[in-house]
Amino acid sequence: MPHDLPKAYEPGEIEKRWADYWIKEKLFSVPTPPEGETRPVFTLLLPPPNVTGRLHMGHMLNQTQMDIIVRWHRMRGFITLWLPGTDHAGIATQMMVEKQLEREGKKRREMGREKFIERVWEWKREYGGAILDQMKRLGASVDWDREYFTMDDNLSHAVREVFVRLYEQGLIYRGSYIVNWCPWHETAISDLEVKHEDVPGKLWEIRYPVVGTENPHFSQNRGEMGHPPSQECITVATTRPETMLGDTAIAVNAKDERYTHLHGKKVLLPLMNREIPIITDELAQPEFGTGAVKVTPAHDPNDFAAGKRHNLPEINVMDPRGRMNENAGRFAGLDRYEARKRVLHDLQEQGFLVAEKDYALSIGKCERCGTVIEPRLSEQWFIKIKPLADRAREAVESGEITIAPDNYRQIYINWMNNIHDWCISRQLYWGHQIPAWTCAGCSEVMVAREAPTKCTKCGGAQLEQVPDVLDTWFSSGLLPFTTLGWPEKTLDQAVFYPTTLLITAYEILFFWVARMIMFGCHFMQGHEQDAAIKKASGYAGKKDDSVPFRHVYIHALVRDAERQKMSKTKGNVIDPLEIIERFGTDATRFTLAAMAAPGTDIAFNENRTDGYRAFANKIWNAARFMFMNVGRLEPGLRPGTAEGGCLHIGVDGFQAATLEDRWILSRFNRVTADVNDALATYRFHEAANRIYDFFWGEFCDWYLELIKPRLMAEDSSARAACGNLVALFDAALRLLHPVMPFITEEIWQAMQEGKAAVKSIALTSYPQADEKQLDLAAETDMAILQDLIVSIRNLRAELKVEPKVKVPIELFAHEREVRTMIEQNRGALERLANVEKMTFVESSLAKLAGARGTARFDVHVVYERKVDVAAECERLKKELEKIEKGIASGERQLGNEQFLAKAPANVVENLRKQRQELGVLKEKTEEKLKELGCR
RNA sequence: GGGCGGUUAGCUCAGCUGGUUAGAGCGCCUGCCUUACAAGCAGGAGGUCGCAGGUUCGAGUCCUGCACUGCCCACCA
């Protein structure tokens with residue numbers, strides 16, 4: 001194995017090389033398993049990034065977590081499928097191409113649908129792969145052979161099938177309703193795509209004269225805004241005065257006595273000079289404002305509902321671009337805001353404007369372009385959501401799907417309970433066109449799998465497909481089964497569906513996760529009951545399940561170092577590729593993993609990444625140290641096979657010959673148990689930190705230092721140490737691999753010298769803890785030895801012993817076994833504490849200057865340099881204070897009968913032991929204080 | 001208007017079901033190029049765990065209130 005690594009750790013070159021290798025060798029491709037396959041299956045669907053996307057930190061966190069989990073499962077023997085793909089992202093992509101066209105002076109509508117779509121495909125072919133290329137740099141171990149695009153033929157076919165089935169089941173309907181309309185995109189968008197923003201605004205009060213009345217206060221009204229009319233008026237308030245042009249009623253509450261006398265009368269709509277009725281409806285609440293409200297059914301959802309109740313006309317006064325249309329009289333053609341100004345001006349001039357008040361309002365904006373949403377009446381397609389949502393809620397309530405962290409479970413359930421019908425049609429070109437055709441003759445609308453040739457109603461042959469396309473989330477909601485071949489019945493579905501896990505950001509819990517659950521539960525009901533598939537797949541015992549996945553893990557948001565949400569407008573976006581360029585993918589991945597405590601957002605701080613690059617460098621140099629020694633002592637030595645993931649004593653070349661061997665083996669098993677445990681519950685930070693502490697703080701700081709003397713001996717014990725080193729290093733690399741795939745691959749491959757049984761460390765076994773390899777005695781002894789070494793280093797520092805000078809020490813051990821243990825590890829002690837001569841004495845040394853006492857031993861550094869008495873006194877006093885505090889609290893508890901009665905035995909036992917040790921320490925410390933003459 | 005989270009060392013954060021004297025990294029101070037690593041090694045300083053109550057033998061951890069802060073959801077003119 002004398003494989004020399006370059007002296008400097010340079011992640012860039014290494015990472016690029018292995019990322020290419022993994023793809024070229026198709027290491028993570030998962031063919032449909034053969035008949036009779038019995039290994040457990042792990043399936044994960046990559047949340048498809050938009051084709052227009054550029055990799056950001058959120059993606060990277062998401063992918064790091066997924067890749068960790070995926071690699072971990074693969075190494076534990078699961079058939080592990082991670083399915084990648086991209087989303088056609090209707091609005092986003094169309095916008096991108098439209099902007100491109102704009103620069104050429106072209107417009108989408110002028111170009112026409114077909115040409116435009118062809119243009120989008122061109123764009124997609126050219127730029128659409130960017131985000132997946134960026135993913136490759138992250139090391140994501142996805143199956144590239146199965147890469148999909150949501151507009152692929154097979155997926156589009158599935159989308160049509162789903163649409164038709166839902167329509168046939170009465171779960172899709174079409175109609176004119178108020179939708180969120182984006183005047184910039186000129187399309188409807190769903191509730192979820194509207195972002196609300198609180199802004200200071202105005203509330204205008206307008207009065208509508210009641211037909212056939214006199215204003216009793218006519219004369220007194222002079223002096224108000226404008227010239228008041230001579231009739232009695234009803235005053236209403238609005239934040240969108242331009243919509244008054246489409247008013248078709250005034251509503252008052254039936255219980256509101258102020259207006260009883262006006263029931264059944266009409267008002268004259270100002271500016272439009274249209275008579276509209278006064279209706280009684282609960283829409284008007286007596287407590288609010290004047291208690292009267294204008295009703296504009298075509299521009300407000302509440303008014304729309306009231307309009308339906310009273311059979312009011314619906315007058316749409318705006319066109320798709322947010323300009324007033326022909327229904328707006330002389331305001332036609334004006335932009336809605338210009339119209340607002342003019343309307344207000346005219347109202348005031350004519351005496352109808354009563355007041356203008358400051359008012360805090362929440363306005364909805366299009367999440368993509370920021371244009372203020374116009375609630376607007378239009379014909380759209382909807383999914384009747386309740387039946388789907390009920391089942392989707394149940395799937396989570398029943399535990400068929402788990403959602404972690406737990407609080408998101410309730411959020412999900414609440415949302416499902418308050419859900420509204422989903423508007424799925426978009427007035428875009430780019431997307432899955434709705435499989436519905438309109439007859440030019442009789443206007444009949446037909447939904448069908450293939451284009452019909454003649455009208456089912458009138459027989460006419462002039463049919464045109466409905467121009468609308470489907471909401472992007474409609475198709476992505478189907479991915480868990482459509483990517484596995486649905487609507488055909490496939491072996492892939494039987495094997496890989498339900499997928500195992502979904503890891504995603506909170507942001508798309510409703511957009512995507514909820515929709516997948518609804519669609520999955522609906523369409524995959526009973527899929528596993530297909531006997532033929534079941535038999536062929538060999539998965540007969542698989543739990544029946546229609547859900548798209550069994551577990552959902554919601555990860556945190558990545559913020560900037562100041563905890564601000566990253567956004568382009570703020571200009572605080574951290575580019576992961578730039579971070580990777582500077583610190584390496586491994587260090588960046590490690591940062592994200594180490595900071596990903598469930599439930600809390602991550603403030604990305606590159607200082608941390610810098611620290612983890614240092615960690616990678618540490619590993620690198622430890623490897624160089626290993627190679628140096630192995631090359632010298634045991635060339636040709638390679639790690640064992642590590643079948644089953646354990647560190648096999650003997651088989652894998654590890655021999656627990658010495659204290660440090662027993663200790664490191666025990667510690668390795670502990671860290672292994674902890675890491676496996678942490679990953680099982682998505683505690684990525686814990687997994688990462690445990691490995692970090694083990695590798696650096698135990699393996700490098702202590703184990704490597706401890707075996708150096710053995711390695712230098714050049715005899716059989718040196719070769720044994722070599723064997724241990726290789727076995728441990730190999731195991732540690734496997735443990736770390738899911739988090740830092742590149743550096744572990746590089747070193748592992750070097751260790752294998754091209755003779756490995758498998759093509760990558762990714763295909764080896766993950767370490768599993770073995771309880772039999774835990775060694776409490778070794779851990780206790782090692783702790784004492786470490787304590788002793790640190791104590792001596794401490795004393796040396798206090799005595800200001802020159803770093804290079806070896807000092808003699810005197811030791812007193814309270815117990816014979818401790819003395820024996822120390823004697824047996826004399827070499828280690830002398831080396832690590834820079835000791836030259838060790839002498840045991842028979843009585844306490846604690847009170848001597850240059851000495852330190854613990855409950856187990858006293859150690860005295862023999863050195864003539866005068867102790868700094870004042871500093872020593874200071875330190876001792878502080879320590880004594882601490883000890884006394886400890887004793888006091890221990891005493892308090894141990895003297896408390898309730899405590900003795902109620903606390904668990906081990907707690908009491910530990911406290912007693914601790915109390916006793918503190919007693920010894922206190923005595924020693926006091927004695928020493930006295931000896932030094934401290935006051 | 002509802003709901004959820006955060007507040008622990010100078011900074012960034014751990015601390016899972018309450019149990020020894022609350023941890024890490026970075027930064028800071030002191031000393032070292034000790035033959036894997038100065039991207040390193042050794043040692044050190046630094047915290048009344050937001051505030052006030054309560055439950056408990058025992059609270060950073062559970063409960064209540066308050067303060068500050070962030071996020072999500074909501075068709076009130």
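Source: prediction; values computed, not measured. Sequence lines set the chain letters: A, B, ... in the order given, protein chains first and strands last, and positions in each chain run from 1.
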In whole angstrom, what separates [X]'s [atom1] from [N]'s [atom2]?
X        : N     : atom1 : atom2 : answer
A:Arg608 : B:A14 : CZ    : P     : 9 Å
A:Leu911 : B:C57 : CG    : P     : 16 Å
A:Phe625 : B:C37 : CZ    : C1'   : 11 Å
A:Phe615 : B:A24 : CZ    : C1'   : 13 Å
A:Leu900 : B:C57 : CG    : P     : 13 Å
A:Asn605 : B:A24 : CG    : P     : 19 Å
A:Glu705 : B:U35 : CD    : P     : 11 Å
A:Asn617 : B:A36 : CG    : P     : 14 Å

Where the side chain of [X] is defined as all heavy atoms beyond and including C-beta, which of [options] is the nearest nucleotide?
X        : options             : value
A:Arg793 : B:C75, B:G43, B:G25 : B:G43
A:Leu704 : B:G15, B:A36, B:A39 : B:A36
A:Asn794 : B:U21, B:G43, B:G19 : B:G43
A:Lys902 : B:U56, B:C32, B:G43 : B:U56
A:Trp696 : B:A39, B:G19, B:C41 : B:C41
A:Asn621 : B:C37, B:C75, B:C32 : B:C37

Pick base, sugar-phosphate or nothing for [X], based on heavy-atom distances below 4.0 Å to the nucleic acid.
X        : value
A:Ala594 : nothing
A:Val790 : sugar-phosphate
A:Tyr359 : sugar-phosphate
A:Lys806 : nothing
A:Lys7   : sugar-phosphate

Please give the distance between the [atom1] atoms of [N] and [M] as a whole number of Å.
N     : M     : atom1 : value
B:G15 : B:A59 : C1'   : 14 Å
B:A24 : B:G5  : P     : 29 Å
B:G19 : B:C11 : C1'   : 31 Å
B:G46 : B:A22 : P     : 13 Å
B:C75 : B:A67 : P     : 29 Å
B:U12 : B:C72 : C1'   : 25 Å
B:C63 : B:C16 : P     : 14 Å
B:G40 : B:U21 : P     : 34 Å

Between [X] and [N], is there a contact of a side-chain N or O with OP1 or OP2 at under 4.0 Å?
X        : N     : result
A:Trp702 : B:A42 : no
A:His196 : B:C72 : no
A:Lys618 : B:C41 : yes
A:Lys804 : B:C33 : yes

In A:Ile413, A:Ile419, A:Asn417, A:Asn418, the residue satisfying side chain to side chain contact (heavy atoms under 4.5 Å, CB included) with A:Trp415 is A:Ile419
Residue among A:Ile792, A:Asp787, A:Leu785 satisfying side chain to side chain contact (heavy atoms under 4.5 Å, CB included) with A:Ile789 |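 For A:Ile789, the side chain to side chain contact (heavy atoms under 4.5 Å, CB included) check succeeds only for A:Leu785.
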Upstream residue (5' side of RNA chain B) when A:Ile789 and A:Leu283 are each assigned their closest nucleotide |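 Checking each residue's closest nucleotide, the 5'-ward one belongs to A:Ile789.
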If you pin A:Val236 and A:Asp198 to their nearest nucleotides in RNA chain B, which one's is more 5'?
-> A:Asp198
Give me the ring orientation class for A:Phe510 and A:Tyr506: parallel if the planes are under 30° apart, tilted from 30 to 60°, perpendicular past 60°.
->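 Perpendicular: the ring planes of A:Phe510 and A:Tyr506 meet at over 60°.
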Quick one about [Y] and [X] (side-chain donor to acceptor, distance below 3.5 Å, no hydrogens or angles considered), yes or no?
X        : Y        : result
A:Asn414 : A:Gln410 : yes
A:Tyr177 : A:Asp421 : no
A:His310 : A:Asp281 : yes

Just do the ring pair (Phe, Tyr, Trp, His ring centres under 6.0 Å) check on A:Phe684 and A:Phe590 with the steps written out, would you?
-> CA-CA 9 Å; A:Phe684 298 97; A:Phe590 201 95; over 10 Å; no
Does any N or O donor sit under 3.5 Å from an N or O acceptor when you compare the side chain of A:Asn302 with the base of B:C75?
-> yes
